[in-house]
Participant: 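Please read through the structure below; I'll follow up with questions.
Side chains included, hydrogens not; waters and symmetry mates left out as well; all remaining heavy atoms used. Chain identifiers are assigned alphabetically (A, B, ...) following the order of the sequence lines, protein sequences preceding nucleic acid strands; residue numbering begins at 1 within each chain. Bear in mind that the values here come from a model prediction, so they are computed numbers and not experimental data.
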Amino acid sequence: MNNIKTRFAPSPTGYLHIGGARTALFSYVYAKHFGGKFVLRIEDTDFERSTKEFEADIMDSLKWLSIMPDEDIVYQSQRLDIYKSYVDRLLKEGKAYYCFCSKELLEEDRSRLASEGKKPMYVGRCLNLKPDEIDLSKPHVIRFKVERGQGLTTGFKDLIRNQFVSFNNNEIDDFVLVREDGIPTYNFAVVIDDALMEITHIIRGDDHVSNTPKQIMLYGALGFKIPEFAHVSMILGQDGKRLSKRHGATSVNQYKKEGFLPEALVNYLIRLGWSHGNDEIFSMDEIIRYFDLKNISKSAAIFNIEKLLWLNSHYIKSKDPFDIINLLNDIKASSEKPLINDIQTVSLIDSLKSRVKTLAEFRQKLNFFINEELGYKAELLSEFNFNEGDLFFLQEFKTFIGSLPDTIFNYKGGLNDKTGIINFIKNSIESIKQEFNNFLSRNNWTMKEKAMIIRLALTGERVSPPIFEIIFALGKIRCIKRVTEFYEFINL
RNA sequence: GGCCCCAUAGUCUAGCGGUUAGGACGUUGCCCUCUCACGGCAGUAACACGGGUUCGAAUCCCGUUGGGGCUGCCA
């Protein structure tokens, strides 16, 4: 199969959400798998609700996920004359007709049919208007004339279900092609564009299956080649209901802000509905290599943040500390100081990366390092009941820190020598560990009994990376300062 | 209501007529251990129900139930 072309066609009436991102991803990797093209079309014919902000959000989010179009972006709002020429043709060929029914009248018809237990459809009032009844100066829409008749059906083979889905034509309304304001509707514009853009495979959400027969009729009426269709099931919230704001973060950008990595989101999204044996971890290249519509699940999937978090922590762990510093600086608040690429920061980042699930959490765990003042919490006093022995220990510990050779902390190599930096850190921490163990055994103390007070003194927290790594990251001066402060804190 | 789609553990899924129903997240226990993680090991938990077809069904067919979508001059 060659010359595959897929598209993602969002309407800028909302942020790019998880579901949209997944269909975009499916479309993108499907095209790439076959060496084809992926394109983007902005369906901005709803002037009421479309905004430039949403459009920018969608573009930024797709870019962040590395889903890039191969051609210039197409805007439906700039193609109005094209749609007009095609509707004129349908009108001339008697495949479409003017309708002057008011919205109120249609609403009446619909509610009456509904109350009779019938399907609320257009009753065809304007189907056979005489020429003198057509006054185009009056408000009107243009409707498609659906062919009806004994057992006439319209269907298509869905590539994901791998079966035909067909609809009785009698079920299909004479849907509106062009609105009162002259703007084409979705079902009309989408067909013109997909045909003209030579889209071969339409991969979209499940919510479009019932639009498909309408579109297929249009392809037929216009003499266009009918593309392949693949309808991906929806993503639902934890409660099994359609994903919405009440399920928390649903926009891609929100996940970015909360410190998720794009590779984690891509990996999560691709596995939500698609599988390749028992594999779980996929890079974009691997996804493209293995992706196939046949392996997409037919059933709806529930969005599960736990698994996304697991993947995110996996990708955080696999990054080197230098990259993580950049990532943290990318998402930092403007009021926060950026992290510096120095050896202390690198060492702490490296130690912390296996202890966090998001970048936001990462930043949080860095607080004791970033902030100069710790502000020990009063509750620690009652919880730990420090005594004279502890005060004595702190004094001794302070002396110990002071005695550590400066060479342990001072890196002389180049800052671009990543391996050198990592090795230096590793050796330094090992040295601190040995010195500290000597210090303990000299005094007949054990690690277990002294670790917590050091941790509290140096970080103000009950939980932290290992002591030696903290000592290295903080350095002698800051350690001594904190031990002194903590001494005063518990001595009050 | 009508039409369409779907159905393996709490969640994502493998399976494509014969398996002790596999993996992953979560969860539980143990190990590691200076706390917390990471890592390692072990455990937990599923074929919605009822009929067929077949020597044999999670797998094929039909119902039932449940869920989702659509039913707009939104996309």
Side-chain angles (χ1 to χ4, degrees), chain A residues 9-14 43-46 48-50 76 99 101 103 106-107 110 113-121 139-143 155 158 160-161 163 165-168 170-173 175-187 189-190 204-213 231 233-234 236 238 240-242 268 271-281 295 297-311 313 317 351-357 365 436 440 446-456 459 461-468:
Chain A
S11 103
T13 54
E43 308 219 324
D44 52 356
T45 52
D46 183 345
E48 300 284 311
R49 298 191 300 144
S50 298
Q76 288 192 327
C99 169
C101 299
K103 288 178 184 172
L106 295 174
E107 190 45 50
R110 267 197 285 268
L113 287 167
S115 67
E116 290 170 8
K118 290 179 188 161
K119 182 171 173 131
M121 288 175 63
H140 63 277
V141 300
I142 299 170
R143 288 182 183 274
D158 189 280
I160 285 170
R161 274 145 263 277
Q163 67 175 29
V165 180
S166 77
F167 296 77
N168 190 315
N170 293 326
E171 291 289 330
I172 298 162
D173 223 349
F175 55 98
V176 172
L177 259 23
V178 179
R179 301 186 285 214
E180 216 168 85
D181 58 7
I183 307 299
T185 59
Y186 163 73
N187 277 310
V190 77
R204 65 197 348 177
D206 218 356
D207 47 342
H208 285 295
V209 278
S210 47
N211 283 322
T212 310
H231 291 97
S233 297
M234 314 251 76
L236 310 175
Q238 295 284 13
K241 301 289 181 200
R242 194 178 188 155
Y268 178 72
R271 278 289 290 110
L272 201 62
W274 176 77
S275 61
H276 181 259
N278 281 331
D279 298 348
E280 293 289 349
I281 305 293
N295 300 315
S297 165
K298 293 189 271 282
S299 48
I302 290 176
F303 186 84
N304 181 237
I305 190 74
E306 299 295 334
K307 185 147 183 191
L308 210 208
L309 283 165
W310 171 71
L311 280 165
S313 60
K317 270 178 288 194
S351 172
L352 238 21
K353 70 179 188 179
S354 64
R355 292 161 215 274
V356 300
K357 288 190 159 71
K365 283 210 164 26
F436 186 75
L440 286 178
T446 64
M447 186 67 185
K448 205 168 187 64
E449 63 190 17
K450 297 303 175 198
M452 189 51 80
I453 191 168
I454 298 171
R455 171 169 293 110
L456 291 170
T459 71
E461 301 288 340
R462 296 170 189 78
V463 172
S464 82
I467 301 295
F468 313 121

Participant: Can you find a pair of side-chain heavy atoms, one from A:Lys241 and one from A:Leu236, that are under 4.5 Å apart?
Facilitator: no
Participant: What nucleic acid atoms does A:Ser464 come within less than 4.0 Å of, heavy atoms only: base, sugar-phosphate, or nothing?
Facilitator: base
Participant: Reckon A:Pro10 touches a base, only the sugar-phosphate, or nothing at all at heavy-atom distances under 4.0 Å?
Facilitator: nothing
Participant: Among the candidates B:C73, B:A75, B:C34, find the nucleotide nearest to the side-chain atoms of A:Val176.
Facilitator: B:C73
Participant: Can you identify which nucleotide, out of B:G68, B:G1, B:G26, has its nearest atom closest to the A:Pro120 side chain?
Facilitator: B:G1
Participant: If the P atom of B:A42 is compared with that of B:U59, how far apart are they to the nearest Å?
Facilitator: 31 Å
Participant: To the side chain of A:Arg271, which of B:G68, B:C34, B:U13 is closest?
Facilitator: B:U13
Participant: At under 4.0 Å between heavy atoms, what does A:Lys241 touch on the DNA or RNA strands: base, sugar-phosphate, or nothing?
Facilitator: sugar-phosphate
Participant: Taking any strand in view, what nucleotide pairs with B:C55 in a Watson-Crick or G-U wobble way, both distances under 3.5 Å?
Facilitator: B:G18
Participant: For nucleotides 4-10 of chain B, read 5' to 3', which letter fits each nucleotide if B means a protein heavy atom sits under 4.0 Å from the base, S means only the sugar-phosphate is that close, and - means neither?
Facilitator: SSSS---
Participant: Considering only side-chain heavy atoms of A:Ile302, which listed nucleotide, B:G22, B:C73, B:U11, is closest?
Facilitator: B:U11
Participant: Taking the side chain of A:Phe468 as its heavy atoms from C-beta onward, which of B:C70, B:U13, B:C34 lies nearest to it?
Facilitator: B:C34
Participant: Hey, does A:His208 reach any base, or is it just sugar-phosphate, or nothing, if we go heavy atoms under 4.0 Å?
Facilitator: base
Participant: Please tell me whether A:His231 and A:Asp206 have a donor and an acceptor in their side chains that are separated by less than 3.5 angstrom.
Facilitator: no
Participant: Any salt bridge linking A:Asp207 with A:Arg242? Criterion: basic side-chain nitrogen under 4.0 Å from a carboxylate oxygen.
Facilitator: yes
Participant: Whether A:Ser313 contacts B:C38 is assessed here as follows: a side-chain N or O lying under 4.0 Å from the phosphate OP1 or OP2. Is that the case?
Facilitator: no
Participant: Using the P atom as the point on both nucleotides, what is the distance between B:G23 and B:C41, in whole Å?
Facilitator: 12 Å
Participant: Across all strands shown, which nucleotide pairs with B:A48 by Watson-Crick or G-U wobble geometry, both distances under 3.5 Å?
Facilitator: B:U64
Participant: The side chain of A:Lys307 is closest to which nucleotide in this list: B:G2, B:A75, B:G23?
Facilitator: B:G23
Participant: Determine which nucleotide pairs with B:U27, using a 3.5 Å limit on both distances of a Watson-Crick or G-U wobble pair.
Facilitator: B:G43
Participant: Provide, to the nearest angstrom, the distance between the CG atom belonging to A:Leu106 and the C1' atom belonging to B:G72.
Facilitator: 10 Å
Participant: Can you measure A:Leu308 atom CG to B:G26 atom C1' for me and round it to whole angstrom units?
Facilitator: 14 Å
Participant: Do A:Arg355 and B:C36 share a donor-acceptor pair, side chain to base, under 3.5 Å?
Facilitator: yes
Participant: Looking only at atom P, what distance separates B:C70 and B:U53, rounded to whole Å?
Facilitator: 40 Å
Participant: Might you point out which heavy atoms bring A:Asp279 and A:Arg271 nearest each other, and give the distance in Å?
Facilitator: O-NE, 3.3 Å
Participant: Among B:A37, B:C34, B:G2, which nucleotide sits nearest the side chain of A:Ser354?
Facilitator: B:A37
Participant: Does any part of the side chain of A:Leu308, heavy atoms only, come nearer than 4.5 Å to the side chain of A:Phe303, both counted from C-beta?
Facilitator: yes
Participant: With a 4.0 Å cut-off on heavy atoms, is A:Asn211 in touch with a base, just the backbone sugar-phosphate, or nothing at all?
Facilitator: base
Participant: Walk me through whether A:Met447 and A:Phe436 qualify under side chain to side chain contact (heavy atoms under 4.5 Å, CB included).
Facilitator: CA-CA 9 Å; A:Met447 186 67 185; A:Phe436 186 75; 3.4 Å; yes
Participant: Any chance you could measure A:Asp173, atom CG, to A:Asn187, atom CG, to the nearest 0.5 Å?
Facilitator: 11.0 Å
Participant: Which atom pair, heavy atoms only, marks the closest approach of A:Ser297 to A:Ser233?
Facilitator: O-OG, 4.2 Å
Participant: Would you kindly give the CD-to-P distance between A:Glu171 and B:C70, to the nearest whole Å?
Facilitator: 16 Å
Participant: Over how many whole Å does the gap from A:Lys365 atom NZ to B:C36 atom C1' extend?
Facilitator: 8 Å
Participant: Have A:Thr212 and A:Arg204 got a donor and an acceptor in their side chains that come within less than 3.5 Å?
Facilitator: yes
Participant: Rounded to whole Å, please give me the gap between CG in A:Asp181 and P in B:C73.
Facilitator: 12 Å
Participant: Considering every strand shown, what is the Watson-Crick or G-U wobble mate of B:C73 when both distances are under 3.5 Å?
Facilitator: none
Participant: Mind checking A:Gly273 for me? I need base, sugar-phosphate or nothing, with any heavy atom below 4.0 Å counting as a touch.
Facilitator: sugar-phosphate
Participant: By nearest heavy atom, map A:Ser297 and A:Cys101 onto RNA chain B; which one lands nearer the 5' end?
Facilitator: A:Ser297
Participant: Have a look at A:Glu280 and say if it touches a base, only the backbone sugar-phosphate, or nothing, with a 4.0 Å heavy-atom cut-off.
Facilitator: base
Participant: Could you tell me how far apart A:Ile172 (CD1) and B:G72 (P) are, to the nearest whole angstrom?
Facilitator: 13 Å
Participant: Applying ring-ring contact (aromatic ring centres under 6.0 Å, His included), name anything that partners A:His208, two or more places apart in sequence or on another chain.
Facilitator: A:Tyr186
Participant: Looking only at atom P, what distance separates B:C47 and B:A9, rounded to whole Å?
Facilitator: 7 Å
Participant: Would you measure the distance from the P atom in B:C49 across to the matching atom in B:C5 and give it in whole Å?
Facilitator: 23 Å
Participant: Hey, is the side chain of A:Lys448 poking within less than 4.0 Å of OP1 or OP2 on B:U35, counting only N and O atoms?
Facilitator: yes
Participant: Roughly, in whole Å, what's the span from CG in A:Leu309 to C1' in B:A24?
Facilitator: 15 Å
Participant: Identify whether any heavy atom of A:Arg110 sits under 4.0 Å from a base atom; if not, whether one sits that close to sugar-phosphate; answer base, sugar-phosphate or nothing.
Facilitator: sugar-phosphate
Participant: Look at the side chain of A:Ala451 and decide which nucleotide, out of B:C34, B:C25, B:U71, has an atom nearest to it.
Facilitator: B:C34
Participant: Closer to the 5' end of RNA chain B via nearest nucleotide, is it A:Asn295 or A:Val463?
Facilitator: A:Asn295
Participant: Is A:Glu280 salt-bridged to A:Lys307, cutoff N-O under 4.0 Å?
Facilitator: yes
Participant: Provide the distance between the two P atoms, one in B:A24 and one in B:C38, to the nearest whole Å.
Facilitator: 15 Å
Participant: How would you label the contact of A:Glu180 with the nucleic acid (heavy atoms, under 4.0 Å): base, sugar-phosphate, or nothing?
Facilitator: base
Participant: When you compare B:C25 with B:U44, how far apart are their C1' atoms, in angstrom units rounded to a whole number?
Facilitator: 14 Å
Participant: Between B:A21 atom P and A:Asn278 atom CG, what is the distance in whole Å?
Facilitator: 16 Å
Participant: What contact category does A:Lys317 fall into here, base, sugar-phosphate, or nothing, at under 4.0 angstrom with non-hydrogen atoms?
Facilitator: sugar-phosphate
Participant: Quantified in whole Å, what is the C1' atom distance between nucleotide B:G18 and nucleotide B:C6?
Facilitator: 27 Å
